[in-house]
Amino acid sequence: MEKRDELYRGKAKTVYFTDDSDKLILHFRNDTSAFDGEKIEQLDRKGEVNNKFNHFIMTKLEEAGVATQVESLISDTESLVKKLDMIPVECVVRNLAAGSLVRRLGVEEGQELSPPVFEFFLKNDALHDPMINDYHIASFGWASEAQIAKMKSITFEVNNVLKALFAEGGMLLVDYKLEFGVDSDGNIVLGDEFTPDGCRLWDKETRKKMDKDRFRQGLGSVVETYIEVAERIGLSL
Ligand code: ADP
Ligand code: UDP
């Protein structure tokens, strides 16, 4: 497999074509950004940690029957993945109240959400990723009604698998964001990444924040804590 031209450079990853038209390389960089790219820093080893973390989680999800982009780890900071036609929406599930939900509704951080809350956001930095609903997605043609239903059901399936995985490591999966795309056969497939950059994880006992909120809130030890999360779920880095 050969790396070809750059397809896209995002805030944290660079995507490359390969000699296989159905496969891409995701290169996880050390760049860490928050607040729509307003705060950006390079964190030592973050690319490597997130690349291996993402591969580990996507493999666990595949084993549990979720269709993901996963192909193989090809270097410390790069993974080979299925090329998807990405749907420009973010699927968020929340088990506990945090982040924008707390700011938007004035509810207490840490409040348990039963049933869990599902939200869609439009992936658009210039508009600050506004919240949208099923009707916006269908009306503007970002995805069909069947694809919307599939994204929701897979996102909840992921919740069952990962809540249990993190619970075994003494952590609470507070919330997370997933992105989906369509593969060459027309199937909805989980793409992008699942890392502590795109979810919230708290220690079950102390409620210590173990995710990107450490960076957003300037709490320090960002990558060290991501490594601790990995180790608690059986991935040694
Ligand atoms: P952002 O675009 O939000 O700054 P990244 O730096 O993570 O984010 O860039 C990665 C880009 O690659 C995103 O736009 C994402 O939608 C896209 N992407 C992720 N996985 C795949 C895939 N399997 N196939 C095609 N594109 C993908
Ligand atoms: N999230 C993400 N990318 C985004 C927006 C949110 O990965 O562009 C994740 C975020 O890390 C959290 C969840 O989605 O785990 C819910 O985020 P929220 O809406 O609370 O926004 P935030 O306050 O984190 O910006």
Side-chain angles (χ1 to χ4, degrees), residues 6-18 20-40 46-47 50-51 54-55 58 67-71 77-105 107 109 113 116-132 142 155 158-159 162 166 172-184 187-202 209-217 226:
E6 182 178 309
L7 166 63
Y8 176 78
R9 185 183 166 89
K11 295 185 293 297
K13 302 192 286 301
T14 309
V15 185
Y16 295 92
F17 287 110
T18 69
D20 181 338
S21 61
D22 281 336
K23 309 252 174 9
L24 295 173
I25 291 173
L26 296 185
H27 173 223
F28 289 74
R29 308 193 312 272
N30 285 340
D31 297 271
T32 311
S33 72
F35 314 121
D36 297 322
E38 259 177 53
K39 177 175 178 174
I40 302 178
K46 206 200 56 144
N50 274 5
N51 181 43
N54 178 60
H55 183 76
M58 291 268 176
T68 79
Q69 66 184 359
V70 75
E71 286 286 331
T77 56
E78 296 164 306
S79 288
L80 187 67
V81 298
K82 290 185 186 74
K83 181 178 192 291
L84 305 175
D85 190 2
M86 297 303 289
I87 295 172
V89 305
E90 302 184 333
C91 300
V92 169
V93 160
R94 303 174 183 274
N95 295 306
L96 297 165
S100 71
L101 180 73
V102 167
R103 294 194 297 275
R104 199 181 329 121
L105 301 183
V107 295
E109 186 183 66
L113 303 169
V117 169
F118 185 98
E119 296 170 343
F120 280 123
F121 295 91
L122 178 66
K123 225 179 120 65
N124 185 322
D125 282 341
L127 298 177
H128 308 291
D129 294 350
M131 189 188 227
I132 52 174
W142 294 316
T155 304
V158 166
N159 200 31
L162 296 187
F166 290 114
L172 296 167
L173 178 58
V174 174
D175 58 33
Y176 57 92
K177 179 267 302 178
L178 302 180
E179 290 180 28
F180 293 90
V182 181
D183 71 8
S184 49
N187 301 310
I188 289 283
V189 173
L190 177 61
D192 201 45
E193 66 177 80
F194 189 103
T195 67
D197 271 0
C199 69
R200 288 193 169 88
L201 293 161
W202 295 347
K209 295 183 197 303
M210 305 188 73
D211 52 69
K212 196 155 95 174
D213 273 348
R214 300 201 70 79
F215 176 74
R216 293 189 188 97
Q217 299 175 10
Y226 287 16

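Every number for a ligand or one of its atoms is a count from 1 in the order of the listing.
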Asks: Determine whether Leu26 and His55 satisfy the following criterion, side chain to side chain contact (heavy atoms under 4.5 Å, CB included), listing intermediate values before the conclusion.
Replies: CA-CA 11 Å; Leu26 296 185; His55 183 76; over 6 Å; no
Asks: Which residue and non-hydrogen atom of the protein lie closest to atom 2 (O) of ligand 1, and at what distance in Å?
Replies: Tyr8 OH, 2.8 Å
Asks: If you round to the nearest 0.5 Å, how far is OH of Tyr176 from CZ of Phe166?
Replies: 10.5 Å
Asks: Output the list of atoms in ligand 1 that are nearer than 4.0 Å to some heavy atom of Lys82, sorted by atom number.
Replies: 22 (C), 23 (N), 24 (N)
Asks: Would you mind running through ligand 1 and noting each atom that sits below 4.0 Å from a heavy atom of Glu179?
Replies: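 Answer for ligand 1: 15 (C), 16 (O).
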Asks: Ignoring angles and geometry beyond distance, decide whether Asp125 reaches within less than 3.5 Å of ligand 1 through its nitrogen or oxygen atoms.
Replies: no
Asks: Can Gly181 be said to touch ligand 1, with heavy atoms closer than 4.0 Å?
Replies: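 For ligand 1, residue contact (heavy atoms, under 4.0 Å) with Gly181 is absent.
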Asks: Of all the heavy atoms in Lys123, does at least one lie under 4.0 Å from an atom in ligand 1?
Replies: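 For ligand 1, residue contact (heavy atoms, under 4.0 Å) with Lys123 is present.
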Asks: How close does the nearest protein non-hydrogen atom get to atom 4 (C) of ligand 2, and which residue and atom is it?
Replies: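 The closest one turns out to be Glu90 OE1, 3.5 Å.
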Asks: Rounded to the nearest 0.5 Å, how far apart are NZ of Lys11 and CD1 of Ile40?
Replies: 9.0 Å
Asks: Nearest 0.5 Å, please: how far is CG in Asp31 from CZ in Arg9?
Replies: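 Rounded to the nearest 0.5 Å, the CZ-CG separation comes to 6.0 Å.
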Asks: At a 4.0 Å threshold, what atoms of ligand 2 neighbour a non-hydrogen atom of Asp129?
Replies: 8 (O)
Asks: Under a 4.0 Å heavy-atom limit, does Leu24 contact ligand 1 with its side chain, its backbone, both, or neither?
Replies: side chain
Asks: Write down the atom of Asp211, the atom of Cys199, and the distance for their closest heavy-atom approach.
Replies: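 Minimum heavy-atom contact is CB-O, 3.2 Å.
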Asks: Measuring from atom CD of Glu179 to atom CD of Glu90, what distance do you get when rounded to the nearest 0.5 angstrom?
Replies: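 So the CD of Glu179 and the CD of Glu90 are separated by 5.5 Å.
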Asks: Is any side-chain heavy atom of Leu173 less than 4.5 Å from a side-chain heavy atom of Leu201?
Replies: yes
Asks: With a 4.0 Å heavy-atom cut-off (strictly under), which part of Arg94 contacts ligand 2: side chain, backbone, both or neither?
Replies: side chain
Asks: For atom 25 (O) of ligand 2, what is the closest protein heavy atom, and at what distance to 0.1 Å?
Replies: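 Sorting protein heavy atoms by distance from atom 25 (O) of ligand 2 puts Arg103 NH2, 4.1 Å first.
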Asks: Heavy atoms only, cut-off 4.0 Å: how does Arg9 contact ligand 1, side chain, backbone, both, or neither?
Replies: neither
Asks: How about Ser79 and Asn51: does a side-chain donor come under 3.5 Å of a side-chain acceptor?
Replies: yes
Asks: Please work out, at 4.0 Å between heavy atoms, whether the side chain, the backbone, both, or neither of Gln69 comes within that distance of ligand 1.
Replies: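 Gln69 to ligand 1: side-chain contact only, backbone stays beyond 4.0 Å.
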Asks: Supply the atom-to-atom distance Asp175 CG to Asn95 CG, rounded to the nearest 0.5 angstrom.
Replies: 8.0 Å
Asks: Give the residue, atom name and distance (to 0.1 Å) of the protein heavy atom nearest atom 20 (O) of ligand 2.
Replies: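 Scanning the protein heavy atoms, the shortest distance from atom 20 (O) of ligand 2 goes to Ser100 N, 2.8 Å.
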Asks: Return the closest protein heavy atom for atom 13 (C) of ligand 2 as residue, atom name and distance.
Replies: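 I find the closest protein heavy atom is Asp175 OD1, 3.5 Å.
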Asks: Show the atoms of ligand 2 that are less than 4.0 angstrom away from any heavy atom in Gly99.
Replies: 20 (O), 23 (O)
Asks: Flag Ala12 as yes when one of its N or O atoms lies below 3.5 Å from any N or O atom of ligand 1, and as no otherwise.
Replies: yes
Asks: Backbone, side chain, both or neither: what part of Leu84 comes under 4.0 angstrom of ligand 1, heavy atoms only?
Replies: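 Both backbone and side chain.
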Asks: Could you check atom 4 (O) of ligand 1 against the protein and tell me its nearest heavy-atom contact, residue, atom and distance included?
Replies: Lys11 N, 2.7 Å
Asks: Nearest protein heavy-atom contact for atom 1 (N) of ligand 2: which residue, which atom, what distance?
Replies: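 Its nearest protein heavy-atom neighbour is Lys177 CB, 3.8 Å.
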Asks: Would Glu119 count as a contact of ligand 2 if the rule is a heavy atom under 4.0 Å away?
Replies: no
Asks: Measure the distance from atom 15 (C) of ligand 1 to every protein heavy atom, then report the residue, atom name and distance (to 0.1 Å) of the closest one.
Replies: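 The protein heavy atom lying closest is Asp192 OD1, 3.5 Å.
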Asks: Which atoms of ligand 1 sit under 4.0 Å from any heavy atom of Gly10?
Replies: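 Counting from 1, the qualifying ligand atoms are 4 (O), 5 (P), 6 (O), 9 (O).
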Asks: Could you tell me which residues satisfy side chain to side chain contact (heavy atoms under 4.5 Å, CB included) with Arg104, sequence neighbours excluded, listed by chain and number?
Replies: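 Listed in chain order: Arg94, Ser100, Leu101, Glu119, Phe121, Met131.
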Asks: Is there side-chain contact between Ile188 and Val182, with at least one heavy-atom pair below 4.5 Å?
Replies: yes
Asks: At a 4.0 Å cut-off, with the gap strictly under it, does some heavy atom of Arg200 reach an atom of ligand 2?
Replies: yes
Asks: Would you call Glu193 and Lys212 a salt bridge, taking side-chain N to carboxylate O under 4.0 Å as the test?
Replies: no
Asks: Of all the non-hydrogen atoms in the protein, which one sits nearest to atom 12 (O) of ligand 1, and at what distance?
Replies: Val15 CG2, 3.4 Å
Asks: Quick check on contacts: which atoms of ligand 2 are under 4.0 angstrom from a heavy atom of Cys199?
Replies: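 Contacts of ligand 2 toward Cys199, numbered from 1: 11 (O), 15 (O).
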Asks: Just to verify, what does Phe35 make a side chain to side chain contact (heavy atoms under 4.5 Å, CB included) with, not counting sequence neighbours?
Replies: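 In terms of side chain to side chain contact (heavy atoms under 4.5 Å, CB included), with neighbours along the sequence ignored, Phe35 is linked to Glu38, Lys39, Arg216.
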Asks: Taking the non-hydrogen atoms of Asp197, is any one of them nearer than 4.0 angstrom to ligand 2?
Replies: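 The answer is yes, since Asp197 has a heavy atom less than 4.0 Å from ligand 2.
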Asks: Counting C-beta onward and ignoring hydrogens, is there a side-chain heavy-atom pair between Thr68 and Phe194 closer than 4.5 Å?
Replies: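 Side-chain contact under 4.5 Å: no.
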Asks: Below 4.0 Å from any atom of ligand 2, is there a heavy atom belonging to Arg216?
Replies: yes
Asks: How many angstroms lie between NZ in Lys83 and CG in Leu24, if you round to the nearest 0.5 Å?
Replies: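 Those atoms lie 6.0 Å apart.
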Asks: Checking contacts here: is it the side chain or the backbone of Val81 that comes within 4.0 Å of ligand 1, counting heavy atoms only? Could be both or neither.
Replies: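 The answer is the side chain.
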Asks: For ligand 1, indicate whether the residue Met86 contacts it via side chain, backbone, both or neither (heavy-atom separation under 4.0 Å).
Replies: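 It is the side chain that gets close, since no backbone atom is under 4.0 Å.
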Asks: Donor-acceptor pair, Thr18 side chain versus Lys23 backbone, under 3.5 Å?
Replies: yes
Asks: As a quick check of understanding, evaluate salt bridge (charged side-chain N to carboxylate O under 4.0 Å, His left out) for Lys209 and Glu109, giving each step before the final call.
Replies: CA-CA 12 Å; Lys209 295 183 197 303; Glu109 186 183 66; 3.3 Å; yes
Asks: For atom 7 (O) of ligand 1, what is the closest protein heavy atom, and at what distance to 0.1 Å?
Replies: Lys13 NZ, 2.5 Å
Asks: Just to verify, which of Asp197, Thr195, Asn50 counts as forming a side chain to side chain donor-acceptor pair (under 3.5 Å) with Tyr226?
Replies: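 Answer to the side chain to side chain donor-acceptor pair (under 3.5 Å) test with Tyr226 among Asp197, Thr195, Asn50: Asp197.
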